[in-house]
K.L.:
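Would you mind keeping the following structure in view while I ask a few things?
Because the structure is a prediction, the values reported are computed rather than measured.
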Amino acid sequence: MNVFGTSVQGPAHKAEGLPNQDAWLHAHVGNMRVVVVSDGMGSRPFAREGAMAACRATVDALRQWRRNPAAPPEILVSMIHLFWRARVAPLPPAECACTCLFAAADQNGMGIVGQLGDGLVLIRNDTGVRSLQNRDPNHFSNQTEGLGVSRNITAWSTAPLNTDIRAVVLSTDGVADDLLPERFEDFVNWLEKDIGLQAPQRRWRALATALRRWPTPRHIDDKTIAVLQFSRRNK
Amino acid sequence: MTTRTLKSFTAAMARPLPVLILADTSGSMSVDGKIEALNTALADMIDTFAEEDEGKAEIHVGIITFGSAAQIHQDPISASKLDFQPLSANGMTPMGGAFDLVRELIEDHDKISGRAYTPAIVLVSDGQPNDMWEPALDRLLKSERALKAQRFALGIGEDADADVLRRFLDNPEGRVYGASDARQIKMFFKAVTMSMCSRSRSMNPNATMANDFLLSDLDGMELL
């Protein structure tokens with residue numbers, strides 16, 4: 001299994017001397033590999049802290065959940081809310097609001113993906129590429145659900161991962177909002193082949209360079225991509 | 001190589017910030033230089049948006065007129081590409097038709113995509129609507145997408161229907177401005193222009209609460 005990703009500060013935060021408010025993390029949880037990305041909501045004063053806490057809280061929650069993965073995903077996402085609130089305390093949760101996207105799977109591809117708020121989770125299996133969440137037709141750019149926005153677990157999307165999985169790509173909205181939906185598959189191909197097959201140090205540099213040289217005019221947001229890639233020999 | 005590849009997966013246009021004008025072009029707008037003042041104000045606004053290159057968004061302008069009929073005068077398009085055709089005034093005040101058209105426009109994802117920042121709607125009228133405007137306004141205010149739009153209202157002259165304009169804003173803190181002459185029409189549009197440029201330059205161009213209006217620019221303008 002191959003895990004890689006990176007996060008770069010967007011031009012808006014760079015110009016204003018503010019840090020990157022996206023965060024990402026990869027971890028081992030038992031026999032599972034986990035990747036999490038989170039986008040701190042720009043208007044919230046502790047968005048960066050919230051995003052970092054979201055990544056850690058998701059790992060915390062998965063550590064508990066993996067003891068009984070048959071437990072419904074609602075239990076897992078409830079625990080993410082709980083651990084996140086514990087991690088951001090004593091800061092007010094609303095001032096730390098952030099999105100949360102994660103994927104966790106064992107070597108055989110068995111696991112789970114989840115998404116709260118905007119961004120994009122792309123899942124490649126043997127039959128093609130699909131996104132976890134269909135975009136809300138009433139959505140405009142930079143409007144999102146998130147940790148610290150509501151505790152409504154129905155705002156989450158989750159799906160099980162099975163043995164036919166080949167890759168999961170998580171990205172924050174700085175990437176997702178500019179991607180052409182009809183090219184999602186090519187985007188995943190690019191990550192798997194052009195980036196994923198490189199040696200780790202070169203891979204990281206190539207991905208960071210691509211995100212810093214983002215081609216959409218007037219792009220402003222921080223950008224984060226994390227990839228969980230399964231090798232064919234395990235299939 | 002990498003950047004060239006990414007270009008084929010990503011949008012080639014900046015995220016749009018749509019500004020949709022609902023302009024009263026009834027016959028009464030043809031007196032006292034009102035339509036001329038509105039045309040000048042709109043042309044100035046579009047020119048400023050076209051030159052706005054510091055913003056994070058690309059400001060798009062769409063114009064709906066209601067006079068002899070409610071119609072789309074200009075589909076939303078980047079201000080830098082817009083060749084503004086001046087409005088002419090005649091007919092009645094079918095404002096309800098304009099409410100339906102702007103709702104349909106905002107709900108049309110081909111014209112205003114999910115990449116766009118929250119649109120702004122600017123309603124300008126000098127009279128009372130004479131069509132079935134109430135159900136049309138109701139439909140506009142119940143449209144989940146259109147409801148999110150930032151809304152501005154300007155009444156021109158003494159016959160403007162402040163109650164209708166206030167109901168369009170649907171916000172207890174919303175202000176209905178009144179213009180009694182050409183200078184104040186231009187002032188209003190200048191403030192809208194600055195507000196939109198300010199949104200485009202802000203950290204989050206969707207944050208409309210803090211910069212709804214640059215009130216100091218509208219000192220002396222009557223609140224209807």
Side-chain angles (χ1 to χ4, degrees), chain A residues 10-13 15-16 18 21 41-44 47 118 134-144 173-191 193-195 198 202-203 205-223 225, chain B residues 1-18 20 52-60 78 80 103 106-121 142-150 197 199-211:
Chain A
H13 286 151
E16 300 189 28
L18 295 171
Q21 292 184 354
M41 292 185 193
S43 54
R44 314 299 173 102
D118 61 16
N134 289 323
R135 185 151 200 160
D136 175 357
N138 297 312
H139 181 94
F140 290 111
S141 193
N142 283 24
Q143 291 185 322
T144 192
D173 69 338
V175 172
D177 279 3
D178 289 337
L179 288 177
L180 301 172
E182 64 273 21
R183 304 296 307 274
F184 282 169
E185 184 153 4
D186 296 319
F187 174 65
V188 176
N189 283 340
W190 171 72
L191 285 167
K193 293 173 183 164
D194 291 26
I195 303 292
Q198 299 189 39
R202 290 188 62 183
R203 183 171 64 199
R205 193 176 299 122
L207 189 56
T209 301
L211 295 186
R212 286 198 187 95
R213 295 180 184 169
W214 193 249
T216 299
R218 301 191 191 199
H219 66 97
I220 57 171
D221 293 330
D222 302 329
K223 294 172 188 62
I225 290 177
Chain B
M1 176 67 182
T2 294
T3 302
R4 200 160 57 236
T5 309
L6 258 182
K7 261 188 181 173
S8 65
F9 313 140
T10 52
M13 303 286 290
R15 295 181 201 181
L17 170 52
L20 307 172
E52 171 66 26
D53 55 9
E54 290 176 30
K56 289 149 191 160
E58 184 168 338
I59 301 178
H60 287 210
S78 168
S80 61
R103 175 180 52 78
I106 292 175
E107 289 176 346
D108 185 338
H109 289 244
D110 291 331
K111 292 184 174 170
I112 298 182
S113 77
R115 290 183 72 236
Y117 293 108
T118 311
I121 310 175
K142 282 184 176 162
S143 158
E144 198 172 337
R145 208 160 194 245
L147 182 62
K148 292 175 179 171
Q150 183 182 21
C197 291
R199 266 186 69 186
S200 178
R201 291 174 189 173
S202 68
M203 281 280 286
N204 178 5
N206 274 339
T208 60
M209 298 300 285
N211 57 21

K.L.:
Rounded to the nearest 0.5 Å, what separation is found between the CG atom of A/D186 and the OG1 atom of B/T5?
P.N.:
10.5 Å
K.L.:
With a 4.5 Å cut-off on side-chain heavy atoms, are B/T10 and A/L179 touching?
P.N.:
yes
K.L.:
Taking all non-hydrogen atoms of both residues into account, name the closest pair between B/A11 and A/P217 and its distance.
P.N.:
O-CD, 4.2 Å
K.L.:
Of the backbone (N, CA, C, O) and the side chain (C-beta and beyond), which part of B/S143 lies under 4.5 Å from a heavy atom of chain A, both, or neither?
P.N.:
neither
K.L.:
Do other residues, nucleotides or ligands put more than 12 heavy atoms under 6.0 Å from A/R202 CZ?
P.N.:
no
K.L.:
Which pair of heavy atoms, one from A/A12 and one from B/K56, lies closest together, and at what distance?
P.N.:
CB-CE, 4.1 Å
K.L.:
Could you report the tightest heavy-atom contact between A/D173 and B/R15, atom names first, then the distance?
P.N.:
O-NH2, 3.6 Å
K.L.:
Side chain, backbone, both or neither: which part of A/E16 has a heavy atom under 4.5 Å from chain B?
P.N.:
side chain
K.L.:
Is chain A contacted by the side chain of B/L147, its backbone, both, or neither, given a heavy-atom distance below 4.5 Å?
P.N.:
neither
K.L.:
Could you look at A/L18 and say if it's the side chain, the backbone, both or neither that has a heavy atom under 4.5 Å from chain B?
P.N.:
side chain
K.L.:
Closest approach of B/A57 and A/R218, non-hydrogen atoms and distance?
P.N.:
O-NH1, 2.6 Å
K.L.:
Identify the two heavy atoms, one from B/R115 and one from A/T216, that lie closest to each other, and give their separation to 0.1 Å.
P.N.:
NH2-CG2, 3.5 Å
